[in-house]
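For reference, the structure discussed in these notes is given below.
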Amino acid sequence: MNDVSSDPRAGAVPAAQGARPLDLLTLAVSGFGDAGATGTVLRDWFEFLGGRPAEVVYIDGGSPPSTGRTLLSLLHRGLIDRLELVNPASWENSFHRCYIQEHESGALARLPYIMFIKPDVLPLRRGHDGWLAEDMARLDDPAVFAVTMTHLIDPPRERRTIAGRAYDVHDFASLNFSLMKRSSFREAMRSQIGAFIDGGFRGEYPPHITCEERYRRALIEWAWQEHCRSQGLVTLARPESREWMILHINKYGRKLLGLRRKMRAMDDVERHFDQPKGLYRPAPRGLSKLGRDLEGLVRRLKGRS
């Protein structure tokens, strides 16, 4: 991997006493492919956080050179502090081994708190100005592993009110959005997949991580869940509303930006709140709806013939 930083001082840990929450935070991102919208997405996250965090780490999984050039531009413009680019010919450049880059994004963090995000996930809030300090405080509870999003693999176990705020309770944390202590991340990785990491991810896949083979690429999330279950820990998620949402888009480039415009215009957002495995797809309207209706009609007619 190539590791370049925009400033050799990037990532120096400030004194925790009296430090702003943003001064204690690493934004950890891993991605692949079209990065044309990544600058916009990062700025949206800075807005959501209430400012730029002290450190932004970005790990690319072996994208084409054009993506590398885009990411280097973001580095030199100050949106990224630490950037790793994987040679496209590398063994690591595999859809099924994306967990290597996901682990690396956290392993490179220098600050006491890590917020994991993906570049195809968009946040939006109105109000909730003190949310980051509040949710960092939730992590002081030894029973709380992470604060995450509501679009997880299962519905919540329950809803709790903590310090006047509602949170859904889970045992799963998503790389699409999770805030945790760096010490918790390292403990989970060491206890669950330490030998696999030490072997450069080339040894036997951790046998206690049981999932369908096609989902093995989600190793980091499975390891977090296994850690929560083995240690009796929970994750928390703020329920979504028009004042607070974190939506998985699962598109890139122009398509992502188009859906971003709709999301920020509050186009059909309520239907997508708190949906397990949910993707933001507003209902089509106008010519777009007509086109989809005609396409559906053609498919039904073909099916009858």
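Side-chain atoms are counted along with the backbone in the values below, which use heavy atoms only and exclude waters and symmetry mates. Since the model is a prediction, treat every value here as computed from it, not as a measurement.
- When every heavy atom of F116 is checked against every heavy atom of E102, the shortest pair comes out as CE2-O, 4.0 Å.
- Sorted by first then second residue, the salt bridge (Lys or Arg N to Asp or Glu O under 4.0 Å) pairs that include residues 199-212, not counting sequence neighbours, are E212-R214.
- Aromatic ring pairs are classed by plane angle as parallel below 30°, tilted from 30° to 60° and perpendicular above 60°; the pair F196 and Y99 is tilted.
- For E270, the side chain to side chain donor-acceptor pair (under 3.5 Å) criterion is met by R242, not counting sequence neighbours.
- A search for side-chain contact (heavy atoms from CB on, under 4.5 Å) contacts involving D141 returns A143, V144, not counting sequence neighbours.
- At least one donor-acceptor pair closer than 3.5 Å links the side chain of S63 to the backbone N or O of G33.
- Not one N or O on the side chain of E226 forms a donor-acceptor pair closer than 3.5 Å with the backbone of Q192.
- Interatomic distance, L71 CG to L75 CG, rounded to the nearest 0.5 Å: 9.0 Å.
- Using a 4.5 Å heavy-atom cutoff, the side chains of V169 and P156 are not in contact.
- Shown here are the side chain to side chain donor-acceptor pair (under 3.5 Å) partners of T38, two or more places apart in sequence or in another chain: there are none.
- Not less than 6.0 angstrom separates the ring centroid of H151 from the ring centroid of F177.
- With salt bridges taken as basic N to acidic carboxylate O contacts below 4.0 Å, one links D81 and R52.
- Scored by the ring pair (Phe, Tyr, Trp, His ring centres under 6.0 Å) test, H248 finds no partners at all (sequence neighbours excluded).
- For Y280, the ring pair (Phe, Tyr, Trp, His ring centres under 6.0 Å) partners at least two apart in sequence or on another chain are H272.
- Taking K181 as the reference, D140 meet the salt bridge (charged side-chain N to carboxylate O under 4.0 Å, His left out) condition, with sequence neighbours excluded.
- Checked by atom type, the side-chain pair S30/S105 shows no donor-acceptor distance below 3.5 Å.
- Taking T67 as the reference, nothing meets the side chain to side chain donor-acceptor pair (under 3.5 Å) condition, with sequence neighbours excluded.
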Could you list the donor-acceptor pairs under 3.5 angstrom formed by side chains in residues 41-50, with sequence neighbours left out?
unit_1, atom_1, unit_2, atom_2, d
D44, OD1, R260, NH2, 3.0
D44, OD2, R260, NE, 2.6
W45, NE1, V121, O, 3.1
E47, OE1, R264, NH2, 3.0

Without placing hydrogens or testing angles, list every side-chain donor-acceptor pair under 3.5 Å for residues 216-225, not counting sequence neighbours.
unit_1, atom_1, unit_2, atom_2, d
E221, OE2, L175, N, 2.8
W222, NE1, Y215, O, 3.0
Q225, NE2, D171, OD1, 3.1

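- Rounded to the nearest 0.5 angstrom, L139 CG and L179 CG are separated by 5.0 Å.
- A donor-acceptor pair under 3.5 Å is formed between the side chain of S174 and the backbone N or O of N176.
- With T235 contributing its side chain and F172 its backbone, the two residues share a donor-acceptor pair below 3.5 Å.
- Residues R97 and E92 are not paired through a salt bridge, judged by the lack of any N-O separation under 4.0 Å between the basic side chain and the carboxylate.
- Checked against side chain to side chain donor-acceptor pair (under 3.5 Å), D268 has the following partners two or more places apart in sequence or in another chain: R271.
- S191 places a side-chain N or O within 3.5 Å of a backbone atom of E187 that can act as its donor or acceptor partner.
- Between R238 and E240, none of the side-chain N atoms (NZ, or NE/NH1/NH2) sits under 4.0 Å from a carboxylate O, so this pair counts as no salt bridge.
- For the pair R281 and N250, the minimum side-chain heavy-atom distance is below 4.5 Å.
- In this structure, the side-chain contact (heavy atoms from CB on, under 4.5 Å) partners of N93, at least two apart in sequence or on a different chain, are F32, P88.
- Judged purely by atom type and a 3.5 angstrom limit, T161 has no side-chain atom pairing as donor or acceptor with the backbone of G164.
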